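Residue numbers start from 1 in every chain, and the chains themselves are labelled A, B, ... in the order their sequence lines are given, proteins ahead of strands. Treat the numbers as computed from the prediction; the structure is a model and nothing was measured.
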Amino acid sequence: MTEKTWNYATPTVSEVPAPYIKIAVYNLERSSRYPSKGTLNAMVDTGFDGYLIIPTNVFHELKLDSFEIPPDLIETTETFSGERLRLRTALGIVEIPGIIEKQVEVDAHERCHEPLVGRRLLENLVTILDGPKRKITISTK
Amino acid sequence: MLGQGVELYLYIYDIIVYQVISVDVLVRGIDDEVYTKLKARASELGLKIGEALTEAIKAWLKNSPETDERERERALNIATYRRMKRFLEKNHKGKWVLIARGEVVRLADSLSKIVETSKSEGLSGRPCLVFKIGETTVKRTLGLSTGRKTR
């Protein structure tokens with residue numbers, strides 16, 4: 001079993017600290033990586049049922065549109081406020097260093113300001129949110 | 001003689017310059033409020049309406065996705081997908097498909113073969129569509145979704 005713990009951080013859109021983990025994203029050919037060195041912080045969002053959603057500029061930088069899923073196969077989601085979101089989705093690879101490396105569907109939206117990790121990426125991992133200590137721990141089974 | 005030549009040159013130059021650099025157009029249907037704001041902003045900046053409109057059109061063209069080469073290639077691939085969808089679903093269900101340069105480049109049993117083809121065909125980094133025929137669909141719930149979804 002491998003285990004990693006990270007401290008909570010403050011999201012760009014809220015003052016309430018949230019669980020963040022460190023990840024790296026690759027295109028399917030592994031010819032590009034984001035960030036090119038090290039990792040980036042991604043907020044764990046249990047309200048999102050995908051794998052990973054990233055800002056559009058990161059999507060373009062990685063040239064993820066080299067393995068993009070046709071938009072007709074992607075359903076638009078209407079949010080509680082009635083807003084319709086049309087995502088762009090491509091196949092890519094996400095790594096939580098030392099924990100997992102997985103081929104996933106990576107979503108992008110122009111109004112996504114920071115990467116969000118969704119439930120599907122975490123579904124085979126044990127995730128513990130320690131609110132009082134403001135720490136998140138992820139481990140393999 | 002020389003004077004006539006210069007005059008003729010200037011006459012032709014005038015025609016070329018005025019015909020190429022500026023045109024007079026009549027545009028119908030501009031939103032009244034938008035036009036009022038444009039006039040006010042142009043006045044603030046000391047620009048003529050035509051100059052302000054030219055700048056606005058330049059900015060629009062620059063930011064328009066349709067002018068981007070990648071977006072054009074992507075749009076071509078999407079059009080190919082729509083044209084081929086029924087045929088692929090009828091004849092190649094369960095196969096992975098790679099669409100690039102506006103054509104179906106490869107049908108394969110696995111995604112890894114699609115990735116190999118992308119490299120060998122020199123498609124790395126170019127806009128391509130990939131999916132498993134009849135199986136790939138993406139459904140997402142984001143935050144406070146009501147669960148109502150539309151295609």
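Remark: the backbone N or O of B:Pro127 is not paired with any side-chain donor or acceptor of A:Asp65 at under 3.5 angstrom.
Open room surrounds CZ on A:Arg134; 12 or fewer heavy atoms of other groups in view lie less than 6.0 Å from it. A 6.0 Å sphere centred on CZ of B:Arg41 holds no more than 12 heavy atoms belonging to other residues, nucleotides or ligands. For B:Glu44, the CD atom counts as densely surrounded, since its 6.0 Å shell holds more than 12 non-hydrogen atoms of other residues, nucleotides or ligands.
Comment: B:Arg140 does not engage A:Glu75 in a salt bridge, judged by the lack of any side-chain N to carboxylate O separation of less than 4.0 angstrom.
Atom CD of A:Glu68 and atom SG of B:Cys128 lie 10.0 Å apart (nearest 0.5 Å). To the nearest 0.5 Å, atom NZ of residue B:Lys139 and atom CD of residue A:Glu105 are 12.0 Å apart. Note that CD1 of B:Ile133 is 10.5 Å distant from CG of A:Leu73, once rounded to the nearest 0.5 Å.
Hydrophobic clustering (side-chain heavy atoms under 4.5 Å, transitive across Ile, Leu, Val, Met, Phe, Trp, Tyr) groups B:Val115 together with B:Val130. Under the 4.5 Å side-chain heavy-atom criterion for ILVMFWY residues, a single connected hydrophobic cluster contains both A:Val58 and A:Leu52. Cluster membership check: A:Ile136 does not share its hydrophobic cluster with A:Tyr20, using side-chain heavy-atom separations under 4.5 Å among Ile, Leu, Val, Met, Phe, Trp and Tyr. Under the 4.5 Å side-chain contact rule for hydrophobic residues, A:Met43 and A:Ile99 do not share a cluster. A continuous path of Ile, Leu, Val, Met, Phe, Trp and Tyr side chains, each step under 4.5 Å between heavy atoms, connects A:Trp6 with A:Leu122, placing both in one hydrophobic cluster.
Residues B:Ile114 and A:Phe67 come closest through the heavy atom pair CG2-CE2, 4.3 Å. The two residues A:Asp49 and B:Thr141 have their closest heavy-atom pair at OD1-N, 2.7 Å.
Proximity to chain A is limited to the backbone of B:Arg126, based on heavy atoms less than 4.5 angstrom apart. Contact of A:Arg119 with chain B is not made at all, since no heavy-atom distance falls under 4.5 Å. Within the 4.5 angstrom heavy-atom criterion, no atom of B:Lys85 approaches chain A. Contacts between A:Thr89 and chain B at a heavy-atom distance below 4.5 Å involve the side chain alone, from C-beta outward. Proximity to chain B is limited to the side chain of A:Leu87, based on heavy atoms less than 4.5 angstrom apart. Heavy-atom distances place the side chain of B:Leu111, and not its backbone, under 4.5 Å from chain A. Only the side chain of B:Ile78 comes within less than 4.5 Å of a heavy atom of chain A; its backbone N, CA, C and O stay farther away.
Counting heavy atoms from C-beta outward, B:Arg74 and A:Pro71 have side chains that approach closer than 4.5 Å. A:Leu91 is not listed as a side-chain neighbour of B:Phe131, based on a closest heavy-atom distance of 4.5 Å or more. Here the side chains of B:Leu129 and A:Ile69 are not in contact, with every heavy-atom distance at 4.5 Å or above.
Taking chain B as the reference chain and counting heavy-atom pairs below 4.5 Å, the highest number among A:Leu64, A:Asp107, A:Leu62, A:Asn27 is found for A:Asp107.
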Evaluate the criterion salt bridge (Lys or Arg N to Asp or Glu O under 4.0 Å) for residue pair A:Arg88 and B:Glu71; output intermediate values, then yes/no. CA-CA 13 Å; A:Arg88 284 183 71 169; B:Glu71 286 300 322; 3.2 Å; yes
